[in-house]
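To keep things clear, I will list the structure first and then write my remarks on it.
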Amino acid sequence: MSIQDTTITAILDRHHAPEEFRHDPELNAAAYALAFLDEPAGGAEERFYNSDTTLPGDTPDAPPYQAGNRGLLTEIYRSRISLRLEELYDADLETWDATAP
């Protein structure tokens, strides 16, 4: 199973990642992780993505609930992309501020 560059580009496009950040390893790792959710290798990986996890309630009084693993991982990886983009933007602004006249 091989993820195509066009798939990664499409994911980064959906997250509005600017061209200058697209070679960042952390950003690419999260994009690849998202891509693998849609193209699992089969076997245990596919079974895991298609199954549910029981999570504790969001408050002490809330009952436990089930959530799909694929959905949870999608949320996690999308969040990682957003957080990494924020870090890259912040670093870019700091660099710009340091070199501004």
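For residues 8-19, the set of pairs meeting the side-chain hydrogen bond (donor to acceptor under 3.5 Å, both in side chains) definition, not counting sequence neighbours, comprises Asp13-Arg22.
The number of heavy atoms from other shown groups lying within 6.0 Å of CD (Glu46) is above 12.
When the side chain to side chain contact (heavy atoms under 4.5 Å, CB included) test is applied to Ala35, the partners found at least two apart in sequence or on another chain are Ile3, Thr7, Ile8, Ile11. In this structure Asp58 satisfies the side-chain hydrogen bond (donor to acceptor under 3.5 Å, both in side chains) test together with Tyr65, sequence neighbours excluded. A search for side chain to side chain contact (heavy atoms under 4.5 Å, CB included) contacts involving Arg80 returns Glu26, Ala30, Leu83, not counting sequence neighbours. Looking at residues two or more places apart in sequence or on another chain, you find a side-chain hydrogen bond (donor to acceptor under 3.5 Å, both in side chains) between Asp24 and Arg84.
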Give the table of side-chain donor-acceptor pairs shorter than 3.5 Å for residues 66-73, with sequence neighbours excluded, one pair per line with atom names and distance.
from  : atom 1 : to    : atom 2 : distance (Å)
Gln66 : NE2    : Thr54 : OG1    : 3.3
Asn69 : OD1    : Thr53 : OG1    : 2.2
Asn69 : ND2    : Phe48 : O      : 2.8
Asn69 : ND2    : Ser51 : O      : 3.4
Asn69 : ND2    : Ser51 : OG     : 3.1
Arg70 : NH1    : Leu37 : O      : 2.1
Arg70 : NH2    : Asn50 : OD1    : 2.5

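A single hydrophobic cluster is seen to contain both Ile76 and Tyr49, as judged by linkage of ILVMFWY side chains at heavy-atom distances under 4.5 Å, directly or through other members.
Minimum interatomic distance between Leu34 and Tyr77 (heavy atoms only, all atoms of both residues): CG-CB, 3.7 Å.
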